[in-house]
Amino acid sequence: METRQVVILGSGCAGLTAAIYTARAGLKPLVVEGHESGGQLSLTTLVENFPGFPEGIQGPQLIENMREQAAAFGAEFLADEVAEAKLGARPFTLELEDGKAPLRTQALIIASGARARWLDLPSEKALIGHGVSSCATCDGFFFRGKDILVIGGGDSAMEEALFLTRFASSVTVVHRRDEFRASKIMLERARAHAKIQWVLNAEVIEVLDVAKQEVTGVRLRATKGEKKEWEMPIAAVFLGIGHTPNTRAFGNQLPTDTDGYLVTSEYVKTPVEGVYACGDVQDRKYRQAITAAGTGCMAAIEVERFLAEAD
Ligand code: NAP
């Protein structure tokens, strides 16, 4: 079995930046792309805050550019997912999901990102793909001229709500509080939009109608006072309630915080020598494309130093 110098898990902003740096350092990185190739940027539309693009750039285009840049320096890509990483001894062994021969590597960069969070209601689960979605850019198009609900009070929810106004006749944001985590600029934009309405201090407790296998409405409950319940007709429900880090492959081998984010020291070091984590899988605070790129760069430089000293 061949032993690689470095394998990178994840092909979003963090993973691809790590790939560019390690490839330029001559380490011939292998990027295991994961289930959602390109990470969360590939699911967004216009990115206005990545430096160097005064007019903004489409998320998928930004990812494509990074991928091309990494490939030009010799990075290789594998369309697969690591099911189990064995970090007990070096070289580390990575079992792949599709049952192909495992990979072995001297150093590992974990850039596996985070996946959308759900409410975990049985009715929500039953209607995923039938009007319940966590990706406005993927599914918004199907609800042209319809009334749409967005759940959440952060930037993701505001971004989804604004994006969905392109298709929907109305977008109602349901948030469980009346204070928002969203940035001021995003919140103001959403508040100023004529198509966006607000239901605050309320939570969705059921998505209707499982029997019909389509979304016809939601059952809401007030989070304050007498907790009254009511129904609201709606054609689609989009979740914008944050993300959960993708760490399943590591079991209990690496420490996580209470929400499952990998805990690192000196920005990107895990307690296992030779294993580094970057991007949304370890950053619960900033979670921006540029910070993911920044920590991807740091992880790559740490790998270079580690391998030079280990030789
Ligand atoms: P977030 O800031 O953590 O917000 C999640 C929202 O969902 C919160 O309002 C939270 O309510 C609500 N929520 C969580 N669990 C819920 C549940 N079970 N039921 C109902 N509501 C629930 O996550 P995010 O919006 O994904 O943003 C994450 C990071 O990415 C942020 O740093 C953000 O700035 C960044 N981001 C930036 C952009 C952009 O700049 N274009 C776009 C998207 C995301 P509470 O407030 O009550 O906890």
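FYI, side chains are in, hydrogens and waters are out, and symmetry mates aren't considered; it's all heavy atoms of this structure. Indexing begins at 1, ligand by ligand and atom by atom, following the structure's order.
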What class does the angle between the rings of F163 and F167 fall in, given that below 30° is parallel, 30 to 60° is tilted and above 60° is perpendicular?
->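 Taking F167 first and then F163, their aromatic rings stand perpendicular (interplane angle over 60°).
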Just heavy atoms, cut-off under 4.0 Å: does H175 contact ligand 1 by side chain, backbone, both, or neither?
-> side chain
Does ligand 1 have a heavy atom under 4.0 Å from the side chain of Q288, from its backbone, from both, or from neither?
-> side chain
In ligand 1, which numbered atoms sit nearer than 4.0 Å to a non-hydrogen atom of [X]?
X    : result
N49  : 40 (O)
Y286 : 32 (O)
G242 : 23 (O), 26 (O)
H243 : 26 (O)

If you measure every N or O of [X] against every N or O of ligand 1, does any of those distances drop under 3.5 Å?
X    : result
S156 : yes
G153 : yes
R177 : yes

Nearest 0.5 Å, what's the CG-CG distance between L94 and L103?
->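 Interatomic distance, L94 CG to L103 CG, rounded to 0.5 Å: 5.5 Å.
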Check the side chains of [Y] and [X] for a donor-acceptor pair under 3.5 angstrom, ignoring hydrogens and angles.
X    : Y    : answer
Q106 : R90  : yes
T295 : D283 : no
T264 : Q282 : yes

Identity and distance of the protein heavy atom lying nearest [atom]:
atom                    : value
atom 38 (C) of ligand 1 : D155 CB, 3.8 Å
atom 30 (O) of ligand 1 : R287 O, 3.7 Å
atom 41 (N) of ligand 1 : E159 OE2, 3.1 Å
atom 17 (C) of ligand 1 : R176 NH1, 3.4 Å
atom 48 (O) of ligand 1 : R181 NH2, 2.6 Å

N-O pairing of E188 and K184 below 4.0 Å = yes
Examine R67 relative to F77 and say whether NZ or CZ is less than 6.0 Å from the centre of the six-membered ring and inside a 45° cone about the ring axis.
->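 The answer is yes; both the distance and angle limits are met.
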Do P91 and T105 touch side chain to side chain, with heavy atoms closer than 4.5 Å?
-> no
Kindly indicate whether the side chain of L220, heavy atoms from C-beta on, has any atom under 4.5 Å from the side chain of M232.
->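 In contact.
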Expected output: side-chain S133 to main-chain D139 donor-acceptor under 3.5 Å | no
Identify which of I241, L119, L239, V47 has a heavy atom lying nearest to atom 22 (C) of ligand 1.
->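 It is I241 that holds the nearest heavy atom.
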